Amino acid sequence: MAREAWGITADGNNFDTGRRGFLGSSGLAAIGAVIGGVLPLSRNGIGIPPAHAQAAPATAPAPAKGPQYLKFPGKNAGLVVLGEKPLVAETPESLLDDDTTPIEKFYIRNNGQIPEEAKDPDAWKITIDGEVNNKIEIALGELKSKYKAVTRRMVLECGGNGRAGFSPPARGNQWTNGGAGCAEWTGVPLADLLKKAGLKASAKYTAHYAADLHLSGDAGKPTISRGVRIEKAMEPNTMIVWAMNGKPLPNIHGGPVRLIVPGWAGSASQKWLTRITIRDREHDGPGMTEFSYRTAIKPMVPGDKADPANFRILESMPVRSIITNPANGAKFAAGTKELKLRGASWAGDLTVKQVDVSTDFGASWQRATLERPKNKYDWQRWTATLKLPTDGYFEIWARATDSKGAMQPHQAGFWNPQGYGGNAMHRIAVLVG
Ligand SMILES: Nc1nc2c(c(=O)[nH]1)N[C@H]1C(S)=C(S)[C@@H](COP(=O)(O)O)O[C@H]1N2
Ligand SMILES: [Mo]
């Protein structure tokens with residue numbers, strides 16, 4: 001199997017700015033002037049550290065340096081690199097201002113090496129086996145011609161989105177809110193294939209496998225292999241997709257074919273999909289056990305040693321809203337009295353029923369105008385017009401409430417070692433005059 005098409009320096013240098021690196025050195029100056037880093041937010045900009053915060057554990061990442069911008073073919077130079085090996089890059093909130101996230105702005109999350117692009121996409125084979133009556137082996141070309149394709153706009157969100165809000169820091173990529181995007185996905189419901197295969201009564205869980213090599217290069221080790229309860233696999237919105245925004249699914253996003261399991265941690269949405277094995281029990285592949293994609297049942301002391309027996313699998317993602325315009329750090333002319341805000345919000349398996357914004361650190365709130373989703377799992381765009389009493393420095397905070405009444409908290413709570421479920425309110429700073 002392929003070495004990575006886009007090289008990583010052998011010395012493991014994290015922030016290589018060389019010709020084949022993922023970082024654009026020129027992008028840094030150009031974009032730094034527009035977004036981020038210009039105005040300080042009170043504390044760290046993604047939630048307020050809890051009063052009981054303890055010393056960071058030894059495994060915690062080093063404090064952030066300035067943002068490192070992505071340099072990757074077909075990708076926007078405003079994406080921020082969170083890791084080079086494997087390649088991980090997030091989309092600053094202000095780049096999520098389109099109703100449909102363009103491919104060039106869509107976040108990237110890899111756990112292993114990036115495979116070489118498939119030479120003959122339609123010959124790509126997918127196997128469905130395990131607790132089924134008839135094993136299926138189907139080429140992508142056949143899947144496209146024999147099954148009815150559907151297109152849906154749906155959010156894909158990394159399970160660790162919002163992790164940077166945890167204090168003490170949680171282990172893993174320090175996503176702010178940009179481990180998410182909303183694209184038009186075209187493919188077939190996984191349920192159509194599972195019905196064709198015929199699920200046995202023993203069918204309980206899926207196990208997903210793919211063609212990307214483990215970082216170590218060991219072909220015998222899956223990079224990541226997650227699965228979902230059979231009910232979620234049979235839900236009509238869980239899809240095997242080959243197109244993104246009407247274009248063949250790009251290699252970096254798992255092309256020629258991947259799973260989309262909307263509303264749940266993105267890790268279930270296997271890229272470069274080769275096999276789905278139906279199991280008679282919960283899956284136990286890499287990414288399923290101990291603290292991976294799991295949250296604490298009984299809330300634990302932040303930073304303490306965790307007990308695996310107290311953890312359950314993260315399924316639906318929590319409610320979140322982002323301000324997509326203006327950008328954090330935006331400056332306005334003296335005398336500006338009104339600000340038009342735009343944003344997006346979503347809530348895992350649920351919908352968003354309300355978004356509120358504040359310019360006074362949450363002392364008072366104003367309701368935003370919230371749009372309906374196009375289809376289930378689409379995000380909901382929102383707008384608001386804010387009156388500003390004077391010139392000066394303002395923070396704008398946004399919070400969403402889901403259809404069951406759960407609202408985003410002021411800070412990422414319910415600490416867990418790998419930092420899931422962090423959905424603190426999004427905050428930006430603006431300066432008038
Ligand atoms: N084969 C494979 N599928 C994968 C991954 C991976 O590393 N390998 N990463 C997962 C994770 S953690 C996420 S959040 C999404 C990211 O998809 P994207 O890179 O297209 O944004 O893909 C998921 N599917
Ligand atoms: Mo992820």
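Computed from a prediction, not measured in an experiment: that's the story for all the values here. Note that the numbering runs from 1 along the sequence shown for the chain.
A donor-acceptor contact closer than 3.5 angstrom links the side chains of E395 and W397. Using a 3.5 Å distance cut-off with no hydrogens or angles, the side chains of W382 and E371 do not pair a donor with an acceptor. Counting only N and O atoms by type, the side chains of Q174 and R163 include no donor and acceptor under 3.5 Å apart. Using a 3.5 Å distance cut-off with no hydrogens or angles, the side chains of K340 and N325 do not pair a donor with an acceptor. Donor-acceptor pairing under 3.5 Å is lacking for the side chains of N245 and E184. Inspection of the W415 and D304 side chains reveals no N or O donor paired with an N or O acceptor under 3.5 Å.
How far CG of L194 is from CG of L199: 5.0 Å, rounded to the nearest 0.5 Å. Interatomic distance, I138 CD1 to L193 CG, rounded to the nearest 0.5 Å: 5.5 Å. With values rounded to the nearest 0.5 angstrom, W264 atom CH2 is found 9.0 Å from E235 atom CD. The SG atom of C158 sits 9.5 Å away from atom CG of L82, with the distance rounded to the nearest 0.5 Å. The structure places CD of E142 at 10.0 Å from CD of E137, a figure rounded to the nearest 0.5 Å.
Taking every heavy atom of both residues into account, L314 and A265 meet most closely at CD2-CB, 4.1 Å. H253 approaches I103 most closely through the heavy-atom pair NE2-O, 4.0 Å. Of all non-hydrogen atoms in V228 and A268, the two that sit nearest each other are CG1-CB, 3.9 Å. Closest of all the heavy-atom pairs between P168 and P302 is CD-CB, 3.7 Å. The heavy-atom pair separating G266 from L156 by the smallest distance is CA-CD1, 4.0 Å. Closest heavy-atom contact between G220 and P222: O-CD, 3.8 Å.
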For residues 291-301, dump all side-chain donor-acceptor pairs below 3.5 Å to protein atoms at least two apart in sequence or in another chain.
residue : atom : partner : partner atom : Å
R294    : NE   : M288    : O            : 3.1
R294    : NH2  : E282    : OE2          : 3.3
R294    : NH2  : M288    : O            : 2.8

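Under the ring pair (Phe, Tyr, Trp, His ring centres under 6.0 Å) criterion, W242 pairs with no residue at all, not counting sequence neighbours. Taking R153 as the reference, D378 meet the salt bridge (charged side-chain N to carboxylate O under 4.0 Å, His left out) condition, with sequence neighbours excluded.
Formation of a donor-acceptor pair under 3.5 Å by the N110 side chain with backbone atoms of I114 is not found in this model. No donor-acceptor pair under 3.5 Å is formed between the side chain of R109 and the backbone N or O of L87. The closest donor-acceptor contact from the side chain of Q366 to the backbone of T385 lies under 3.5 Å. Side-chain atoms of E90 come within 3.5 Å of backbone atoms of G178 as a donor-acceptor pair (strictly under, hydrogens ignored). No donor-acceptor pair under 3.5 Å is formed between the side chain of Q113 and the backbone N or O of T223. Remark: the backbone N or O of G78 is paired with a side-chain donor or acceptor of N76 at under 3.5 angstrom. Panel note: side chain T91, backbone K105; a donor-acceptor pair is recorded below 3.5 Å. A donor-acceptor pair under 3.5 Å is formed between the side chain of S216 and the backbone N or O of D218. Using a distance-only test at 3.5 Å, with no hydrogens or angles considered, a donor-acceptor pair links the side chain of N416 to the main chain of G419. Remark: the backbone N or O of R226 is paired with a side-chain donor or acceptor of H208 at under 3.5 angstrom.
Within a 6.0 Å radius of NZ in K196, other residues, nucleotides and ligands contribute 12 heavy atoms or fewer. Shown here is F414, whose CZ atom has no more than 12 heavy atoms of other residues, nucleotides or ligands within 6.0 Å.
Ion pairing of R342 with D97 is present here, as a side-chain N (NZ or NE/NH1/NH2) and a carboxylate O approach within less than 4.0 Å. Salt bridge absent: K374 and D99 never bring a charged side-chain N and a carboxylate O closer than 4.0 Å. The pair K353-D402 fails the salt-bridge criterion, with no side-chain N (NZ, NE, NH1 or NH2) lying under 4.0 Å from an Asp/Glu carboxylate O. A salt bridge does not link E131 with K204: none of the charged nitrogens is closer than 4.0 Å to a carboxylate oxygen. Ion pairing between D356 and R367 fails under the 4.0 Å rule for side-chain N and carboxylate O. Under 4.0 Å is where a charged nitrogen must lie from a carboxylate oxygen, and between E315 and R229 at least one such pair does. The pair K200-D280 does not meet the salt-bridge criterion, since no charged nitrogen lies less than 4.0 angstrom from a carboxylate oxygen.
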- Task: Report the C-alpha separation of R427 and E93 in whole Å, then their side-chain angles, then the decisive distance to 0.1 Å, and conclude whether the salt bridge (Lys or Arg N to Asp or Glu O under 4.0 Å) test is met.
- Result: CA-CA 10 Å; R427 302 155 54 182; E93 293 91 346; over 6 Å; no
Decide yes or no on side chain to side chain donor-acceptor pair (under 3.5 Å) for D360 and S358, but give the supporting numbers first.
CA-CA 6 Å; D360 55 12; S358 175; 2.7 Å; yes
| message | Run the ring-ring contact (aromatic ring centres under 6.0 Å, His included) test on Y107 and W175 for me, step by step, so that the C-alpha distance in whole Å, both residues' side-chain angles and the decisive distance to 0.1 Å come before the verdict. | response | CA-CA 10 Å; Y107 82 98; W175 301 101; 5.6 Å; yes
**Q.** Evaluation steps, side chain to side chain donor-acceptor pair (under 3.5 Å), between Q380 and W346
**A.** CA-CA 6 Å; Q380 289 166 257; W346 59 94; over 6 Å; no
(message) side chain to side chain donor-acceptor pair (under 3.5 Å), that's the test. Do S321 and H426 meet it? Break it down for me.
(response) CA-CA 7 Å; S321 75; H426 182 209; over 6 Å; no
* Asked: Does the side-chain contact (heavy atoms from CB on, under 4.5 Å) test come out yes or no for I322 and L96, once each step is laid out?
  -> CA-CA 9 Å; I322 54 172; L96 291 172; 3.6 Å; yes
| task | Would you check, one step at a time, whether the test side chain to side chain donor-acceptor pair (under 3.5 Å) holds for N423 with Q408? | result | CA-CA 6 Å; N423 67 335; Q408 286 181 265; 5.9 Å; no
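Side-chain contact between L143 and I240 is present, with at least one heavy-atom pair separated by less than 4.5 Å. Looking at V257 and I126, their side chains come closer than 4.5 Å, going by heavy atoms from C-beta outward. Side-chain contact between S269 and R258: present, with at least one pair of heavy atoms (C-beta onward) separated by less than 4.5 Å. In this structure, the side chains of Y209 and T277 come closer than 4.5 Å at one or more pairs of heavy atoms. Side-chain atoms of K148 and V188, non-hydrogen and from C-beta on, never get closer than 4.5 Å to each other. A 4.5 Å side-chain heavy-atom check between M425 and P409 finds every atom pair outside the cut-off.
Shown are T206, N237, D349; of these, the side chain to side chain donor-acceptor pair (under 3.5 Å) with K232 is made only by D349.
Under the 6.0 Å distance and 45° angle rule, R381 counts as a cation-pi partner of W379.
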